[in-house]
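Note that the coordinates shown come from a computational prediction; the quantities given were computed from them, not determined experimentally. Here is how names work: the chains are called A, B, and so on, in the same order as the sequence lines, proteins then strands, and each is numbered from 1.
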Amino acid sequence: MEKLRPASPSWTRGVLYLVVAAFYIPLALMVFESLRFKEISGDWSFSLHWYQVLFSDQALMESLLRSVVIAAGASFIACIVGTFSALAIHKYRFKGVLFLDYMSMVSLVIPELVFALALLSWFAFLKFPLGYLTVIFSHATFCIAFVAMTVTARLNTLDKYLDEAAHDLGATQLQTLWKVILPVLKPAIIAGFILSFLLSFDDFLITFYTSGPGTDTLPIKLYSSMKIGLTPKLHALAVLMMVISVGLILILSRMKGVRELLLNEDS
Amino acid sequence: MALILKNIVKKFNSQTVVQDLSLKIEDGEFFSLLGPSGCGKTTLLRMISGFETPDSGQILLDGQDLTPIPSNERPFRMVFQSYALFPHLTVGENLAFGLKIQKTPKEEISERVENALNLINMLDYKNRFPETLSGGQCQRVAVARAFINEPRVLLLDEPLSALDKKMRDHMQTELRAIQRKLNITFIFVTHDQDEAMTMSDRIAVMERGYLKQVSSPHEMYSSPANAFTASFLGDMNVFVHSGQKVFIRPERTLVSLSPMASDLVSYSGEVINKLFKGVFWDVYVRLSTGGVVKCLVDSKNEDMMEDLTIGKEVQVGYSQVYAHVFETE
């Protein structure tokens with residue numbers, strides 16, 4: 001008979017609950033505050049009032065749209081560059097390929113502030129006006145590594161002779177790419193896209209340095225409003241951002257082929 | 001009408017993997033390239049398929065030089081060791097892949113896919129994805145995906161090595177049957193001598209880039225051309241007789257408790273092990289002159305096997321008729 005694994009000491013479960021509580025209580029409080037509407041009399045009730053206020057705030061809604069456009073643009077660029085760089089690194093074991101591989105990961109570990117400053121001075125050097133494009137370009141740079149990572153994870157699980165098999169069956173290089181390689185990588189590319197979208201959507205520091213006048217994204221807007229004072233409207237805005245992020249993660253984890261991919265990455 | 005390899009040389013960096021190799025493979029032949037790993041057999045196959053380019057030499061099909069023709073335009077199809085089925089396509093779509101590329105009419109594609117699935121007994125699996133198939137089924141799909149395009153030559157790179165023994169035995173017969181039905185040339189790379197012997201019309205044995213012998217399985221077994229093929233294909237006992245190495249097959253090596261007839265070459269020795277194999281016993285004898293030889297004793301010989309206990313002094317001998325002696329290389 002199979003022996004049962006020894007139970008972990010009971011205090012470990014206590015620690016787990018504490019950690020979960022420490023993590024979720026602030027979030028719960030935020031959701032609660034966003035839903036609480038105080039009457040002048042001092043009584044309060046649950047209502048969607050602050051969400052109404054939020055959605056009727058023209059400037060905020062514009063920055064939300066801007067955030068979405070920037071996230072989509074940056075993710076799109078990152079997907080194209082990331083996928084092809086992963087393919088190149090995987091397929092061609094040329095000299096210095098490992099160095100390149102490591103270099104593409106540098107953006108994951110480099111302090112964000114350093115990176116933001118570097119980008120800012122780069123744009124200044126190029127005399128490139130700060131605006132939509134600079135933000136999209138900056139976000140794309142750090143998203144590329146994430147796309148390359150998910151695509152590489154998928155490539156590692158694939159039969160390495162797939163392209164030769166397609167070629168052998170008469171396909172040209174381009175047909176092999178369109179009919180075999182890209183379809184097979186599709187879940188990984190979509191996962192990379194969603195991850196990039198989230199990173200870009202959440203990003204504050206790099207956006208703060210590289211955005212020009214009038215291109216404030218939602219996190220920037222949230223930050224500048226916070227300086228004036230915490231209002232229930234800001235809570236509603238934060239909840240909205242959380243819902244978008246968590247929603248995307250949920251879609252991601254339910255997608256066919258993506259789950260295995262994320263699990264693979266852990267090992 | 002044949003595939004001719006002429007003075008093929010292939011080097012990787014400075015290491016020569018295939019050394020001035022010439023070979024003629026006839027139409028409709030089941031031809032095996034046999035050798036230990038690293039002997040250059042896979043490289044040779046990849047040069048025929050066009051994935052590698054020989055450094056010198058020619059590959060001729062019906063007199064036409066294929067060397068400048070890229071792999072996707074050669075009339076060959078390859079079956080990969082790992083099968084390389086497209087995971088995003090169903091079995092039917094995998095089979096149709098090559099035909100679609102060639103812009104075959106839709107009706108013809110579906111007809112040929114049905115026929116091919118029928119031939120490999122997998123008609124019910126048309127809409128299944130490769131990940132839901134067993135190893136043997138993947139193997140059959142990989143073979144079907146290759147032959148559905150009616151290639152002149154089918155190239156198989158150790159296609160059975162990932163299967164378990166029972167499945168492998170079954171697929172050996174099945175592959176051979178498919179080859180007979182289609183009547184196309186199969187070039188089969190393997191390191192398994194039993195596999196090569198059972199399936200092939202002819203075998204080419206390779207060692208370290210050199211072609212050692214090309215002949216039918218029976219001829220190669222009964223009259224090996226050199227010491228390497230002698231011991232690589234089947235078992236061989238090595239005796240030393242008047243300073244020369246003499247190779248004898250175990251089934252031609254006699255063992256006896258009494259002295260041997262005078263026309264036989266005989267040695268004395270001691271039984272060190274006996275293994276029951278069903279039809280035969282494997283009896284291992286250490287010769288007094290050194291070295292261990294294996295003799296096969298018919299299991300029907302029950303009295304003798306009872307006397308042949310471990311540690312027993314015995315006589316081992318052979319007839320000169322079955323002796324293979326090779327020039328040292």
> Is the count of non-hydrogen atoms from other residues, nucleotides or ligands lying under 6.0 Å from F30(B) atom CZ greater than 12?
Replying inline: yes
> Is the number of heavy atoms from other residues, nucleotides or ligands under 6.0 Å of F12(B) CZ greater than 12?
Replying inline: yes
> Could you state the interatomic distance from NZ (K160(A)) to CZ (F80(B)), rounded to the nearest 0.5 Å?
Replying inline: 12.0 Å
> More than 12 foreign heavy atoms under 6.0 Å from CZ of F208(A): is that the case here?
Replying inline: no
> With distance as the sole criterion, is a donor-acceptor pair present between the side chains of S82(B) and D159(A) under 3.5 Å?
Replying inline: yes
>> Which one wins on heavy-atom pair count under 4.5 Å against chain A: A84(B), G98(B), S71(B)?
In response: A84(B)
> Do you know which two heavy atoms are closest between G170(A) and Q102(B), and how far apart they sit?
Replying inline: CA-NE2, 4.4 Å
>> Quick check on K179(A) against chain B: is it the side chain, the backbone, both or neither that has a heavy atom closer than 4.5 Å?
In response: both
> Would a 4.5 Å heavy-atom cut-off, applied to side chains only, mark I101(B) and L169(A) as touching?
Replying inline: no
> With respect to chain A, which residue among Y83(B), F51(B), F76(B) yields the maximal number of heavy-atom pairs within a distance under 4.5 Å?
Replying inline: F51(B)
> What part of L155(B) lies closer than 4.5 angstrom to a heavy atom of chain A: side chain, backbone, both or neither?
Replying inline: neither
> Taking D168(A) for the side chain and M78(B) for the main chain, is one N or O donor matched with an acceptor at less than 3.5 Å?
Replying inline: yes
> Is there a side-chain contact between T172(A) and N72(B), using heavy atoms and a 4.5 Å cut-off?
Replying inline: yes
>> Measuring from atom CD of E73(B) to atom NE2 of H167(A), what distance do you get when rounded to the nearest 0.5 angstrom?
In response: 8.5 Å
>> For E164(A), which atoms come within 4.5 Å of any heavy atom of chain B: side chain, backbone, both, or neither?
In response: both
> What do you reckon, is CD of Q15(B) surrounded by more than 12 foreign heavy atoms closer than 6.0 Å?
Replying inline: no
> CZ of F204(A): more than 12 outside heavy atoms within 6.0 angstrom?
Replying inline: yes
>> Measuring from atom CG of D157(B) to atom OH of Y161(A), what distance do you get when rounded to the nearest 0.5 angstrom?
In response: 7.5 Å
> Non-hydrogen atoms of chain A under 4.5 Å away: do they reach the side chain of R74(B), the backbone, both or neither?
Replying inline: neither
>> For F86(B) and V184(A): C-alpha separation, side-chain torsions, deciding distance, then whether side-chain contact (heavy atoms from CB on, under 4.5 Å) applies.
In response: CA-CA 8 Å; F86(B) 304 128; V184(A) 164; 5.7 Å; no
>> Would you say that more than 12 heavy atoms from the other residues, nucleotides or ligands in this model lie under 6.0 Å from the CD of E112(A), or not?
In response: yes
